[in-house]
Amino acid sequence: MDRALALLLAFEDGDAALPLAEIARRAGLHMTTALRLLGTLESHGFVQRLAGGGYALGPQLLVLGERFRRGLRLEDQVMPALDRLRSESRESAAFFVREGTARRCLFRLDSPQPVRTIARVGEVAPLGIGAHGRALVALETEPRPRLPIVSRGERLPEVAAIAAPVLDARGRVAGSIGITMPLYRFDPAAEALCLPLVLREAVALTRTLGGDPAPIAAQA
């Protein structure tokens with residue numbers, strides 16, 4: 001099993017096809033062993049042998065990927081991330097999704113502090129304004145902004161927010177994750193604490209959803 005997985009992992013980004021010798025070299029296997037295991041993988045659709053020579057990944061991997069994607073319950077992935085953000089920042093944490101030209105609060109955990117920002121799950125707000133509103137379109141904006149996005153009294157005058165986009169397995173924006181707090185508490189120390197927390201969770205949640213966090217990290 002380990003050797004068969006090593007053969008599949010020999011394919012890297014941009015590898016449409018690889019010759020047998022290169023696959024064996026990358027997997028650290030003798031060519032005869034690699035050939036035998038590739039035959040087994042081919043019979044199950046995990047690789048395909050090309051007419052011109054060499055091998056490519058097979059369609060069964062796409063089937064498994066789709067099963068994985070459909071099996072993900074977004075709440076199960078997002079809520080632990082929000083819990084970490086709230087616990088470490090002691091501020092409110094939320095996850096928004098895009099709905100046309102608006103955004104909706106899908107999940108939220110309120111700050112444990114007595115003075116906190118107030119919002120409701122299901123609440124709708126415009127895109128393009130506020131940290132979450134701008135984070136949801138950050139990857140389609142030119143020039144691209146730095147991430148996470150920070151807003152101070154931008155949509156609501158007494159609220160500060162930090163947010164970053166989260167990507168899914170298809171590279172699309174699945175939502176935005178971030179922290180909100182009363183503006184008076186958003187001093188340099190709070191900003192220094194919360195910025196890396198939001199970026200960390202956006203990257204981690206993207207990976208959990210099967211996405212590539214490189215576009216997020218590139219704008220940090």
Side-chain angles (χ1 to χ4, degrees), residues 13 59-112 116-141 144-145 147-151 155-156 159-181 194-220:
D13 288 346
Q60 188 62 25
L61 293 172
L62 182 60
V63 173
L64 292 179
E66 283 298 302
R67 288 176 185 168
F68 167 77
R69 184 183 64 81
R70 289 194 298 268
L72 281 176
R73 290 187 70 245
L74 190 58
E75 181 177 3
D76 293 341
Q77 316 306 321
V78 172
M79 292 307 290
L82 296 184
D83 188 52
R84 287 190 294 270
L85 285 177
R86 180 178 64 173
S87 297
E88 296 180 47
S89 70
R90 291 183 52 78
E91 301 294 351
S92 299
F95 183 87
F96 281 77
V97 294
R98 181 173 181 172
E99 292 186 357
T101 59
R103 58 184 169 102
R104 185 181 297 275
C105 181
L106 202 60
F107 306 109
R108 178 181 168 89
L109 291 176
D110 287 332
S111 166
R116 59 193 179 217
T117 58
I118 301 298
R120 298 185 304 275
V121 171
E123 183 177 276
V124 176
L127 280 178
I129 184 171
H132 282 283
R134 289 194 280 133
L136 287 168
V137 297
L139 299 182
E140 57 190 68
T141 303
R144 289 188 174 183
L147 297 176
I149 288 175
V150 176
S151 65
R155 189 174 74 85
L156 299 173
V159 174
I162 302 172
V166 173
L167 305 181
D168 64 17
R170 296 180 177 178
R172 301 176 302 190
V173 176
S176 66
I177 190 168
I179 292 169
T180 59
M181 68 186 76
C194 294
L195 277 172
L197 294 181
V198 171
L199 180 63
R200 181 195 71 194
E201 294 302 329
V203 167
L205 187 53
T206 293
R207 287 199 179 104
T208 299
L209 297 179
D212 179 6
I216 300 170
Q219 289 177 232

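Residues satisfying the side-chain contact (heavy atoms from CB on, under 4.5 Å) criterion with Pro59, sequence neighbours excluded, are Gln48. Scanning for side-chain hydrogen bond (donor to acceptor under 3.5 Å, both in side chains) contacts around Arg84 gives Glu201, with sequence neighbours left out. Every residue two or more places apart in sequence or in another chain was checked for a side-chain hydrogen bond (donor to acceptor under 3.5 Å, both in side chains) with Ser89, and none qualifies. In this structure, Glu123 has no side-chain hydrogen bond (donor to acceptor under 3.5 Å, both in side chains) partners at least two apart in sequence or on a different chain. Not counting sequence neighbours, the partners of Arg86 by the side-chain contact (heavy atoms from CB on, under 4.5 Å) test are Asp83, Leu109, Pro112. Taking Ala125 as the reference, Arg103, Arg155 meet the side-chain contact (heavy atoms from CB on, under 4.5 Å) condition, with sequence neighbours excluded. Here Thr101 pairs with nothing under the side-chain contact (heavy atoms from CB on, under 4.5 Å) rule; sequence neighbours left out. Partners of Arg116 by side-chain hydrogen bond (donor to acceptor under 3.5 Å, both in side chains), not counting sequence neighbours: none found.
Two residues are said to be in side-chain contact when any heavy atoms from C-beta on lie closer than 4.5 Å; Val166 and Val78 fail this criterion. Residues Leu209 and Leu74 form a side-chain contact, since some pair of their non-hydrogen atoms from C-beta on lies under 4.5 Å apart. Side chains of Leu199 and Leu195 form no contact here, defined as non-hydrogen atoms less than 4.5 Å apart.
Atom CZ in Arg108 sits 4.5 Å away from atom OG1 in Thr180 (nearest 0.5 Å). To the nearest 0.5 Å, the span separating CD on Glu99 from CZ on Arg104 amounts to 4.0 Å. Ile216 contributes atom CD1, which lies 8.5 Å from atom CG of Leu205 (distance to the nearest 0.5 angstrom). Atoms CZ and CD, from Phe107 and Glu75 in turn, are 5.0 Å apart once rounded to the nearest 0.5 Å. To the nearest 0.5 Å, the span separating CD on Glu91 from CD1 on Ile162 amounts to 9.5 Å.
In plain terms, the two heavy atoms of Val173 and Pro165 that are nearest each other are CG1-CB, 4.3 Å. Nearest heavy atom pair, residue Val121 against residue Leu106, reads CG1-O, 3.3 Å. Residue Ala81 comes nearest to Ile177 through the heavy atom pair CB-CD1, 3.8 Å, listed as atom of the first residue, atom of the second, then distance. Of all non-hydrogen atoms in Leu167 and Pro215, the two that sit nearest each other are CD1-CG, 4.0 Å. The shortest heavy-atom contact between Val97 and Ala174 is CG1-O, 3.5 Å. Closest of all the heavy-atom pairs between Leu85 and Gly178 is CD1-O, 4.1 Å.
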Residues Leu156, Thr117; criterion side-chain contact (heavy atoms from CB on, under 4.5 Å); working and verdict:
CA-CA 10 Å; Leu156 299 173; Thr117 58; over 6 Å; no
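Among residues at least two apart or in separate chains, there is no salt bridge (Lys or Arg N to Asp or Glu O under 4.0 Å) pair with a member in residues 210-220. For residues 194-220, the set of pairs meeting the ring pair (Phe, Tyr, Trp, His ring centres under 6.0 Å) definition, not counting sequence neighbours, is empty.
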Taking only distance into account, with no hydrogens and no angle test, what donor-acceptor pairs under 3.5 Å do side-chain atoms of residues 127-138 form with protein atoms, sequence neighbours excluded?
residue, atom, partner, partner atom, Å
His132, ND1, Ser176, OG, 2.7
Arg134, NE, Glu154, OE2, 3.0
Arg134, NH2, Val150, O, 3.0
Arg134, NH2, Glu154, OE1, 2.9

